[in-house]
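As the structure lists them, so they are numbered: ligands from 1, and atoms in each ligand from 1.
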Amino acid sequence: MSGPSVVFEAIAKQLVKFLSCQVNSRNIRFIPLDNGVGTCLLAAECCHRDILNPTGVIVASAQKTFYIETFGCQMNFHDSEKVVGTLISEGYAQVQREEEADLIVYNTCSIRDKAEQKVFHRLADYKKLQAQGKRFGVLGCVAQQEGEKIFERAPHVSMVCGSASYRNLPQMLVQLEASSAADTTAHPANTAQGGGAASFGNGLVRITGLDDRQTDKCFETEFTARTNPHRGYITIIEGCDKFCAYCVVPFTRGKERSRTSASVLAEARQMADLGYTDIQLLGQNVNSYRDPEGKKTFAELLAAVGEVQGIKRVRFTTSHPRDFGRDIVEAIDAVSTLCDHVHLPVQSGSTRLLDAMQRLYTREQYLERIAWMKSAKREISITTDVIVGFPGETETDFEQTLSLLDQIGYDGVFSFKYSARPNTPALRLDDAIPEEEKSRRLEVLMGRQKEIQVARYKKYIGTTCEVMVEGFNEPRRQWIGRTSQNKTLNFTACSEAAPKLGSYVQVRVTGSFPNSLLGEMMV
Ligand code: SAM
Ligand code: SF4
């Protein structure tokens, strides 16, 4: 057999492999690896332990297994998709339970004290698994913030890797594997700029990847194990240079560094070719994006991604008010695939407090950006983040935040009690707000916002919205859809017209709740 028939057979084999995995109803992708082989991701029962060649033929069986758990924001979840891809490309297979794994990794968040405590509790819970020879790795913001102190607090941890060092993971994994047999290769004291390993002869192995803030490297990898086959994330900018007084991110994620618009667009096109229709651009401050080659502004990049053939929806998060230009609204007006939703964290409605938080905008400047969005051709849904109980927040400051909520009419507010974080300037501020008062303010704010949302969501009753079908809720016999405005719209459909996951359908809204809509699919 030669020529076209060989190619045909190759495609057919790959298709069979793909379909047989789908029978097990998992999201899987054939991920091409650098040496021409590939691996089928996340299909637990069939081939997830196999390395496939491009024709779908098993060429090796992976021996090493890992379990990953992710805490925190969307960026962390997407980082984990890249870490999973990297581990698989290094010959590891993902398992769904800690007990089955050789390597257990936690991708961590330290934005608030509670998130950080959760990580250490999880690590303590699983210390007992060390006796079975399992290895533990801590990745992400807690890793970068606590560094080698993690080894003291949780001596069973073997690997600590901050998010700015993920590109070193393959070498770190090699060190981890080699360390079981070998002796010391380097002392951890030498590791601050990128990595090192130490074995202490008592079973303790310590491998670190900790970058300084100045790194200009991004974690770009072709090995991304995207878990949703329809919606995919692309990180376009990493780190943060804003240094808000309360926030640990500039210390844990390094300085702001953007990818070239060419590489972002290449990834978007590749995703469209794989069948993705919904792309979300990510960054701690996504709109602070600066193309290193100077070819595109953030708004131009947004528009270009929205024009990629096959892409039906583009979202972006999180936007910082300081860098939010009118051109972003103009892009949303001009390109229909750009979603009519903007998440623009305000943090406080009081200019005095915004100044103390070092946000570098006033209430009036923030409202100007809201006015741009409110004058857009399509109604743009706006959501925000608010912190209550920042040191020195008076009752008047808090009242101003409540009046801002009334004035703007957000479709959603993520509200947090201020949490003191290491290294941040706010640690030096007096006038801490007692915990009970923070809780009271949070409750008042959430109550006020709920009333606003009840009224806002009611407005949609009787309208028709396009949704992307995301799932099916069996007990309720309802399909789960998401509107372009990022609202959840649960709906019914007659059994003959059951929609496909990932498809876009028209739904008539028949009811509303504070956080979701209810409807019936139009046929
Ligand atoms: N870069 C975005 C911005 O500036 O608006 C925010 C990203 S931050 C990871 C997500 C949210 O966490 C912030 O908007 C803020 O409301 C909250 N946050 C950050 N540090 C906090 C702290 N120390 N205490 C409470 N909430 C905090
Ligand atoms: Fe944190 Fe401020 Fe940077 Fe946002 S802009 S990540 S709140 S320091």
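His343 places no side-chain N or O within donor-acceptor distance of the main-chain N or O of Phe316, the cut-off being under 3.5 Å. With hydrogens and angles disregarded, a donor-acceptor distance shorter than 3.5 Å links the side chain of Asn76 to the backbone of Thr108.
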Just do the ring-ring contact (aromatic ring centres under 6.0 Å, His included) check on Tyr233 and Phe77 with the steps written out, would you?
CA-CA 9 Å; Tyr233 299 97; Phe77 280 88; 9.1 Å; no

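Residue-level proximity to ligand 1 for Gln347 is carried by the side chain, the only part with a heavy atom below 4.0 angstrom. Using a 4.0 Å cut-off between heavy atoms, Gln347 makes no contact with ligand 2 at all. Looking at Asn285 against ligand 2, only its side chain comes within 4.0 Å, counting heavy atoms. Within the 4.0 Å heavy-atom criterion, the part of Arg359 lying near ligand 1 is the side chain and not the backbone.
If you number the atoms of ligand 2 from 1 as listed, the ones under 4.0 Å from a heavy atom of His320 come out as 5 (S).
Relative to atom 9 (C) of ligand 1, the option among Gln284, Arg322, Lys438, Lys242 with the closest non-hydrogen atom is Gln284.
With rounding to the nearest 0.5 angstrom, the CD atom of Glu267 is 10.0 Å from the CG atom of Leu281.
Shown are the protein N/O/S atoms under 2.8 Å from atom 1 (Fe) of ligand 2, given by residue and atom: Cys247 SG.
In this structure, atom 25 (C) of ligand 1 lies nearest to the protein heavy atom Lys417 O, 3.4 Å.
No cation-pi contact links Lys82 to Phe223, judged by a cut-off of 6.0 Å to the six-membered ring centre and 45° from its axis.
Between Tyr246 and ligand 1, at least one pair of N/O atoms sits closer than 3.5 Å.
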